[in-house]
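Before any comments, here is the structure.
Since we're looking at a predicted model, the values are computed, not measured. We count ligands from 1, going down the list as the structure has it; atoms in each ligand are counted the same way.
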Amino acid sequence: VAAPEIRDLDDLVAALRAAAGLHDEGPGLPSILDHGLQCAALLACTHPDDLELQVAGLVHDVGWLARAGDRWRVDTSAAHDRAGAAAVEPLLGKRIARLVGGHVAAKRYLVAVERGYAGGLSETSTFTLAHQGGPMPEPEAAEFARSPDAADLVALRRADDAAKVLDAQVPGLERWLPALQALAR
Ligand SMILES: [Fe+2]
């Protein structure tokens, strides 16, 4: 997995700022930064006491980013869940890395177990599902459901799916700087 190397907190913030102009989905959908901000804001409402989950929502798609010299670009070929997990683990720790790394598995799980879920996915999410392994087969889905992170991963995934509103009014990156500072190691 080619993970973007994120050197420190300033580097992560720079990558997120660059993501204001980068897209992994088609036109009419928010930038990677706006999408992460919406996802984090939704999780701050549903899980106000879980800062790590909220920050996982903010950074869950950083695995799409790749360095291009001293700038950032989108690498649509990335296994962005695992790349993102590897990128954030040194800075934000194992739990946030597990949540970032599991957000595609959570989609595959929900497609398999929840009637109607697949129909609500965005066009890109539907398209990438096939490349990501499709619906999770039963033994794997049962294992997913038993994992200690299952409920948090499903919450992150639902926020992810809902965080695709163009020009939604949510707090900007500054809102999350104290949280990032508190969690960074
Ligand atoms: Fe996402």
Practice prompt. Name all pairs fulfilling the side-chain hydrogen bond (donor to acceptor under 3.5 Å, both in side chains) condition that reach into residues 88-105, sequence neighbours left out, sorted by first residue then second.
Written response: D50-R95, E52-R95, D61-H103, H80-H103, E89-K94, R95-D152, R98-D149
Item to complete: Give, for atom CG of L58 and atom CG of L180, the distance between the pair rounded to the nearest 0.5 Å.
Response: 6.0 Å
In a table with atom names and distances, give each donor-acceptor pair under 3.5 Å that connects a side chain of residues 166-173 to protein atoms at least two apart or in another chain.
unit_1, atom_1, unit_2, atom_2, d
Q169, NE2, D167, O, 3.3

Worksheet item: Pairs in or reaching into residues 10-52: which pass ring-ring contact (aromatic ring centres under 6.0 Å, His included), with residues at least two apart or in two chains?
Response: H35-H60
Worksheet item: How about the Fe ion (ligand 1), which protein N, O or S atoms come within less than 2.8 Å?
Response: H35 NE2, H60 NE2, D61 OD2, D160 OD1
Worksheet entry | Salt bridge flag under 4.0 Å for residues E114 and R157 | no
Fill in: Sidechain N-carboxylate O distance under 4.0 Å for R17, E174
yes
